[in-house]
Amino acid sequence: MFTIRRGLKLNKFFNIGLSSLCFISKDFDYALNFIASSGISLWEVVDDGLHFLDSSRIKRMLALSSPLNMTLSLHAPYTSVNISASNYRARRFSMDMYRESVEHAHQLGCKFIVFHPGLLDSFTYLFRDLNEPILDGINFLLSIGDLCSDYGITPLIENLATDRSTILKVEDFKSFFSKSNSFKMALDISHAHVMNSFNSYIDSLRDRIAYFHISGNDGLADRHWPLDMGTPFWKDYLKRVLNCNLSGPLIIENLSYSASLKSLNVLKLFFGSEVST
């Protein structure tokens, strides 16, 4: 875990870690052994795809991470689920996956879990009066936020890089947060760049921002490039985050371990002597 010192005036820290997204196409045990030998003590575990957790995997992860004093957070499933699907059975399945992921986060001792909002599917996108699945998904998030709080876990809602997200605009987030005391925001800096929404999020939602994702892109799509590729938008964005006295985990989301290390080195150079391990 790399700590970015913000100076005596700010007296707060960024904790920089990596997402296990960089291993998502690899065998789980291969990824686990790599994580254990990485020397990096903050990891966001992607609970999805080939790496969806079960009791055996959780035991193995704890056996490797606990002696190393690792800090783990969890990203709930997002590739094959939609808690706002118009198909009721698909919606229920997705909600069950989220609930199971909360249990995984609890068993791993995570302090944070990241959720994606529901998505407009073909029907809810075309028929804008079809609101019941959207409301059902939002109400479900509110209830699962209470479950997370019971476990001492901070639930996070992430801003996405698609207009199909059911919670996307500042007004959407404000409405959601007005109903939830438990949820905070995972600000994906790169998603916000693609959607041209970073400044509006910072201006209006800073009191709820507690966690960050970062990767490189060209402003056209969510590329998950290393930070030395694409446009250097993230430099001014990170400066603004610091100037607003925000803090929290800063998770690098790249598609390979080598790209993640490259981004980590870019951040170390950017922050200069203020970075320590």
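All values below come from the heavy atoms of this structure, side chains included, with hydrogens, waters and symmetry mates left out. Just so it is clear, the model here is predicted, and its values are computed rather than measured.
- Taking the six-membered ring where the residue is Trp, F198 and Y237 present parallel rings, their angle staying beneath 30° rather than reaching 60°.
- No hydrogens or angles considered: a donor-acceptor pair under 3.5 Å links the side chains of S73 and Y211.
- Around the CG atom of D207, the shell of radius 6.0 Å holds more than 12 heavy atoms that belong to other residues, nucleotides or ligands.
- Taking the six-membered ring for Trp and thresholds of 30 and 60 degrees, Y98 and F140 have ring planes inclined between 30 and 60 degrees apart.
- Distance check, rounded to the nearest 0.5 Å: OH of Y201 to CD1 of I189 gives 12.5 Å.
- Residue pairs that meet the salt bridge (Lys or Arg N to Asp or Glu O under 4.0 Å) test with at least one member in residues 38-64, sequence neighbours left out, are D29-R60.
- Considering only residues two or more places apart in sequence or on other chains, D203 meets the side chain to side chain donor-acceptor pair (under 3.5 Å) condition with R240.
- Residues passing the side-chain contact (heavy atoms from CB on, under 4.5 Å) test with T166 are S84, P117, L120, I134, sequence neighbours excluded.
- Other residues sharing a hydrophobic cluster with L21 under the 4.5 Å side-chain heavy-atom criterion for ILVMFWY residues are I24, V46, Y78, L255.
- Residue pairs meeting the side chain to side chain donor-acceptor pair (under 3.5 Å) criterion with at least one member in residues 121-136, sequence neighbours excluded: S86-D121, R91-E132, R91-D136, R92-D136, D121-T124.
- Residues M195 and N159 have side chains not in contact (no heavy-atom distance under 4.5 Å, counting atoms from C-beta outward).
- Taking NZ of K235 as the reference point, atom CG of L267 lies at 10.5 Å (rounded to 0.5 Å).
- Nearest approach of H51 to K26, heavy atoms of both residues: NE2-O, 2.8 Å.
- Nearest heavy atoms, S80 versus F93: O-CE2, 4.1 Å.
- Under the 4.5 Å side-chain criterion, counting only non-hydrogen atoms from C-beta, F173 is not in contact with R208.
- Of all heavy-atom pairs spanning F23 and F34, the tightest one is CZ-CB, 3.6 Å.
- Rounding to the nearest 0.5 Å gives a distance of 9.0 Å between CE of M61 and CE of M70.
- Here S66 pairs with L62 under the side-chain contact (heavy atoms from CB on, under 4.5 Å) rule; sequence neighbours left out.
- Applying the salt bridge (Lys or Arg N to Asp or Glu O under 4.0 Å) definition to pairs two or more places apart or across chains, none involves residues 170-195.
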Legend entry - F115 vs H75, ring pair (Phe, Tyr, Trp, His ring centres under 6.0 Å): CA-CA, chis, key distance, verdict: CA-CA 6 Å; F115 297 103; H75 199 308; 8.6 Å; no

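- Each salt bridge (Lys or Arg N to Asp or Glu O under 4.0 Å) pair with one or both residues in residues 142-164, not counting sequence neighbours, would appear here, but there are none.
- Relative orientation of the H106 and Y151 rings is parallel, given thresholds of 30° and 60° on the angle between their planes.
- Shortest non-hydrogen contact noted between I144 and F183 is CG2-CZ, 4.4 Å.
- In this view, S197 satisfies the side chain to side chain donor-acceptor pair (under 3.5 Å) rule with no residue, not counting sequence neighbours.
- With S94 contributing its side chain and N82 its backbone, the two residues share a donor-acceptor pair below 3.5 Å.
- Sequence neighbours left out, the pairs with a member in residues 218-232 that pass salt bridge (Lys or Arg N to Asp or Glu O under 4.0 Å) are D218-R223.
- Atom CG of L18 sits about 4.0 Å away from atom CD1 of I40, to the nearest 0.5 Å.
- S263 is linked by a side chain to side chain donor-acceptor pair (under 3.5 Å) to N254, counting only residues two or more places apart in sequence or in another chain.
- Clustering of Ile, Leu, Val, Met, Phe, Trp and Tyr by side-chain heavy atoms under 4.5 Å joins L160 with L119.
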